Protein chains: 2
Amino acid sequence: MIINVGIVEDEKQIRESLTVLINGSEGFTCLYAFETAEEAILAIPTLNLDVVLMDIHLPAKNGIDCIAELKPKHHSIQFLMCTSFEDTDSVFKALKAGASGYITKTTQPSKILDAIVEVFNGGSPMSSNIARKVVDSFQISNKENLEIQKLSEREKEILNLLSQGFRYKEIADKLFLSTETVRTHIRNIYEKLQVNSRTDALNKTFPK
Amino acid sequence: MIINVGIVEDEKQIRESLTVLINGSEGFTCLYAFETAEEAILAIPTLNLDVVLMDIHLPAKNGIDCIAELKPKHHSIQFLMCTSFEDTDSVFKALKAGASGYITKTTQPSKILDAIVEVFNGGSPMSSNIARKVVDSFQISNKENLEIQKLSEREKEILNLLSQGFRYKEIADKLFLSTETVRTHIRNIYEKLQVNSRTDALNKTFPK
DNA sequence: ATAAAAATACCACTTTAGTAGTAGTGCTTA
DNA sequence: TAAGCACTACTACTAAAGTGGTATTTTTAT
C-alpha cells in the first residue's frame with residue numbers, strides 16, 4: 001500500500017524538500033506538486049490522490065478556499081494543512097473548509113510522515129497547541145452559562161424545549177402541565193434573563 | 001518538576017494499575033485515587049493536582065458532571081478523560097464540560113504517560129479517531145448549509161436579523177422595507193426551509 | 001425575448017406568544 | 001414559624017407571528 005501524496009505550496013524550496021522527503025520514504029509517493037491553488041483545483045479532480053498537503057498562503061487564491069472548493073467534490077481526499085499560520089482564525093477556517101489535520105511547517109520530517117499516515121488512516125493529526133485551541137473552542141459556553149444558572153430545574157427543562165421550537169401547548173403536553181403553567185414559567189424565565197422573546201432568551205443562554 | 005496526577009476510576013483493578021504505572025515513572029506521582037465523583041469533588045479542591053485522569057462511568061454521578069463541577073473553580077487542573085466510551089456524544093459532552101484531552105482505556109501505558117505530559121504542557125492529547133470526530137464536527141455546517149443555500153441574498157439577510165431576535169417591524173426599519181414585505185420574505189423563507197416558526201428556521205440553518 | 005425568480009407591497013384573517021394580576025401548595029431555611 | 005422560592009394554575013388582555021391570496025416591478029437566466 002503506497003500513499004499517494006499531493007502538495008500545494010508556493011515556496012519552491014519547501015515544495016521540493018517535501019517532495020524529496022516523501023519520495024524518499026517507503027510507502028509514500030508524491031507525483032504532483034502545485035505552486036498555486038488554481039493549478040491544484042484544475043488538476044486534482046483528474047488525479048487519484050490520497051492525501052494533499054496544503055499551504056495557506058498562496059499567490060492568488062489561498063489554501064483554505066482551495067480546500068473549500070475541492071473537498072465537497074472529492075470526499076475521499078484527505079487534506080492536511082501544513083503552514084506557518086497558527087492563529088485561531090486560520091485554524092478554524094481551515095477545519096470548516098474541510099481540512100482533516102493541521103500541522104505547522106516547523107514539524108520535523110519524520111512527524112510529517114506520521115501525520116500523513118494518520119490522516120490517511122482516518123485520524124486528525126494536529127500540533128499540540130492547535131489541538132488545544134480546537135478543544136477549548138468547545139468550552140466557550142461556560143461564560144454565558146452564568147445566565148442559565150439563574151434558572152430553576154423546571155425552568156431549564158422548559159427553556160430546552162423552547163429551544164427546540166415547541167409551542168406552549170406542546171411543552172405542556174410533554175410535561176403534563178397546563179398551558180397556563182408553561183406560560184407562567186416562561187414569563188419567569190424571561191424576567192430572570194431580562195428578555196422578552198424566545199429568540200432573545202435562547203441567544204442569551206445558548207450563544208453562538 | 002514532578003507532575004501531580006489524580007485518578008477518578010471506580011474499577012479497582014484499573015485504578016490500581018494506573019497508580020502503579022504513574023508512581024513507577026520518573027517525573028510523575030499519584031497520591032490520590034478516588035472511586036466516585038462525589039469523593040473527588042470533596043477532596044480535589046483541597047489538593048494541589050496538575051492533571052486528573054477521569055473515567056466516565058462511575059457509580060452515582062458520572063465523570064463528565066464531575067468535571068463540570070470542578071473545572072470552573074479549578075481552572076489550572078487539566079482533566080484528561082480516560083474511558084472506554086468513545087461515542088460522539090460522550091466526547092463532546094466531556095469537552096464541553098471542561099476536559100482537555102480524551103484517550104481510551106486501551107491506550108498503551110507509555111502513551112498514557114505521554115498524554116499526561118501533553119495535557120500538562122497545554123496540549124490536547126486525543127486518540128486518533130476521537131480527534132477526527134472533533135475535527136469533523138467543524139464541517140457539519142457544510143451539510144446543513146445546503147439548506148441556507150436555497151435562500152436568496154435578501155432572504156439570508158432577513159434570516160440573519162431574525163436570528164438576532166428582531167421583530168418584523170424592526171427588520172423592516174433596518175432594511176427600509178414595509179413590514180408586509182418582511183412578512184412576505186419570511187413566508188417564503190419558511191416555505192423553502194419547510195418550517196413554520198422562527199425557532200425551527202434557525203435550528204435548520206444555524207444548527208448546534 | 002420571454003419565462004422564471006427575486007424583491008417589493010397590500011389586505012384579511014387565525015394562531016401563538018407575551019404581559020399582568022392573582023393564588024394555592026409544598027418545601028426549605030434562617 | 002415565618003419568609004422565600006419553586007411549582008402549579010386560572011382569567012383577561014395585547015402584541016406579534018404566521019397563513020393565504022394577490023399584484024407590480026426588476027433582475028436574471030435560458
Side-chain angles (χ1 to χ4, degrees), chain A residues 69 72-73 144-207, chain B residues 38 41-42 60-61 65 68-69 73 144-207:
Chain A
E69 282 200 39
K73 291 170 189 159
E144 327 269 323
N145 264 8
L146 295 175
E147 292 291 338
I148 221 171
Q149 280 164 20
K150 294 177 186 165
L151 305 182
S152 71
E153 285 310 307
R154 197 53 150 175
E155 286 165 349
K156 285 184 209 164
E157 197 174 8
I158 288 176
L159 182 67
N160 188 41
L161 293 168
L162 274 182
S163 78
Q164 292 169 60
F166 292 110
R167 352 205 100 169
Y168 295 4
K169 178 73 174 64
E170 294 173 313
I171 295 174
D173 287 349
K174 274 181 197 295
L175 302 180
F176 305 104
L177 293 175
S178 94
T179 307
E180 296 309 317
T181 302
V182 172
R183 194 184 294 282
T184 304
H185 280 304
I186 290 171
R187 198 202 314 170
N188 293 333
I189 291 169
Y190 288 1
E191 201 186 347
K192 285 186 184 176
L193 298 177
Q194 289 286 292
V195 298
N196 45 26
S197 75
R198 181 187 298 228
T199 311
D200 286 344
L202 298 180
N203 283 339
K204 266 213 168 171
T205 50
F206 302 114
Chain B
E38 289 76 7
I41 288 170
L42 281 176
K61 186 175 291 228
D65 294 339
E69 282 199 37
K73 289 171 190 159
E144 326 270 322
N145 265 9
L146 295 174
E147 294 289 339
I148 221 171
Q149 281 165 21
K150 294 177 186 165
L151 305 183
S152 71
E153 285 310 307
R154 197 54 149 175
E155 286 166 349
K156 285 183 210 165
E157 198 175 6
I158 288 176
L159 182 67
N160 188 39
L161 293 168
L162 274 182
S163 79
Q164 292 168 59
F166 293 110
R167 0 201 89 155
Y168 294 3
K169 178 73 176 65
E170 294 172 314
I171 294 174
D173 288 349
K174 274 181 198 295
L175 302 180
F176 305 105
L177 293 175
S178 93
T179 306
E180 295 307 317
T181 302
V182 172
R183 195 185 293 281
T184 304
H185 280 304
I186 290 170
R187 198 200 313 168
N188 293 333
I189 292 169
Y190 289 1
E191 203 186 346
K192 286 185 184 176
L193 298 178
Q194 290 285 293
V195 299
N196 44 26
S197 76
R198 183 187 295 228
T199 311
D200 286 344
L202 298 180
N203 284 338
K204 266 213 168 171
T205 52
F206 302 115

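Keep in mind that this is a model prediction, so the values were computed, not measured. Reminder, nothing fancy here: chain letters follow the sequence lines and each chain counts from 1.
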**Q** Using a heavy-atom cut-off of 4.0 Å across all strands, would you classify B/R198 as base, sugar-phosphate, or nothing?
**A**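 Result for B/R198 = sugar-phosphate.
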**Q** Yes or no on side chain to side chain contact (heavy atoms under 4.5 Å, CB included) for A/I186 and A/I158, after CA distance, side-chain angles and deciding distance?
**A** CA-CA 8 Å; A/I186 290 171; A/I158 288 176; 3.8 Å; yes
**Q** Can you see which heavy atom on B/S197 is nearest to which on A/R167, and at what distance?
**A**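 For B/S197 versus A/R167, the nearest heavy atoms are CB-NH2, 4.2 Å.
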**Q** Salt bridge or not for B/K204 and B/D200, using N-O below 4.0 Å?
**A**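 No, this pair does not count.
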**Q** Expressed in angstrom and rounded to an integer, what is the separation of B/L193 atom CG from D/dG18 atom P?
**A**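 About 12 Å, once rounded to whole Å.
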**Q** With a 4.0 angstrom cut-off to heavy atoms of chain A, pull out the first and last contacting nucleotide of DNA chain C, in 5'-to-3' order.
**A**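 Extent of the interface on DNA chain C: C/dT16 to C/dG21.
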**Q** Side-chain N or O of B/Y190 less than 4.0 angstrom from OP1 or OP2 on D/dG18?
**A**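 Checking B/Y190 against D/dG18: at least one side-chain N or O falls below 4.0 Å of OP1 or OP2.
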**Q** Can you tell me the distance, in whole Å, between the CG atom of B/N196 and the C1' atom of D/dG20?
**A**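 Rounded to the whole Å, the gap is 14 Å.
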**Q** Rounded to whole Å, how long is the line connecting atom OH of B/Y168 with atom C1' of D/dT19?
**A**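 Going from B/Y168 (OH) to D/dT19 (C1'), I get 10 Å.
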**Q** Please determine which of A/R154, A/E157, A/E180 meets the side chain to side chain contact (heavy atoms under 4.5 Å, CB included) test together with A/H185.
**A**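 Testing A/H185 for a side chain to side chain contact (heavy atoms under 4.5 Å, CB included) against A/R154, A/E157, A/E180 leaves exactly one candidate, A/R154.
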**Q** Using only atom types and a distance under 3.5 Å, with no angle test, would you say the side chain of B/R198 pairs donor to acceptor with the backbone of B/L162?
**A**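 Confirmed, B/R198 side chain pairs with B/L162 backbone.
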**Q** Determine yes or no for a side-chain-to-main-chain donor-acceptor pair under 3.5 angstrom, with B/N196 supplying the side chain and B/Y190 the backbone.
**A**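 Not a single qualifying donor-acceptor pair exists.
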**Q** Whole angstroms only, please: what is the CZ-P distance between B/F166 and D/dA16?
**A**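 From B/F166 CZ to D/dA16 P: 15 Å.
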**Q** Nearest whole Å is fine: how far is D/dA16 P from B/L162 CG?
**A**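 Value for this atom pair: 15 Å.
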**Q** In whole angstroms, how far is the C1' atom of D/dA17 from the CG atom of B/D200?
**A**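 It works out to 13 Å between those atoms.
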**Q** Tell me the closest heavy-atom pair linking A/A201 and A/L159, and the distance in Å.
**A**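 The pair with the smallest heavy-atom distance is CB-CD1, 4.3 Å.
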**Q** Please indicate whether B/E38 has more than 12 foreign heavy atoms, meaning atoms of other residues, nucleotides or ligands, lying under 6.0 Å from its CD.
**A**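 It does: B/E38 CD has more than 12 such atoms within range.
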**Q** Can you tell me how far P of D/dG18 sits from CZ of A/R167, to the nearest Å?
**A**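 Whole-Å distance recorded here is 8 Å.
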**Q** Extract from the structure each pairing of a protein N or O with an N or O of nucleotides 6-8 of chain D at less than 3.5 Å, listing the distance.
**A**
from	atom 1	to	atom 2	distance (Å)
D/dC7	OP1	A/R154	N	3.4
D/dC7	OP2	A/S152	OG	2.2
D/dT8	OP1	A/R154	NE	3.3
D/dT8	OP1	A/R154	NH2	2.8
D/dT8	OP2	A/R154	NE	2.9
D/dT8	OP2	A/H185	NE2	2.9

**Q** Per the end-axis method with five pairs at each terminus, what is the bend angle of the helix from C/dA1-D/dT30 to C/dA30-D/dT1, to 10°?
**A**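 One end's axis against the other's: 60°.
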**Q** Side chain of B/E69, backbone of B/D65: donor and acceptor closer than 3.5 Å?
**A**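 Side chain of B/E69 to backbone of B/D65, a donor-acceptor pair under 3.5 Å: no, none is there.
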**Q** OP1 or OP2 of D/dG18 sitting under 4.0 Å from any side-chain N/O of B/R187?
**A**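 Answer is no, no contact under 4.0 Å.
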**Q** Mind checking whether A/V195 and A/N203 have side chains closer than 4.5 Å, heavy atoms only?
**A**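 No, every pair of side-chain atoms sits at 4.5 Å or beyond.
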**Q** With a sphere of 6.0 Å drawn around CD of A/E191, does it hold more than 12 non-hydrogen atoms of other residues, nucleotides or ligands?
**A**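 Open: at most 12 neighbouring heavy atoms sit under 6.0 Å from CD of A/E191.
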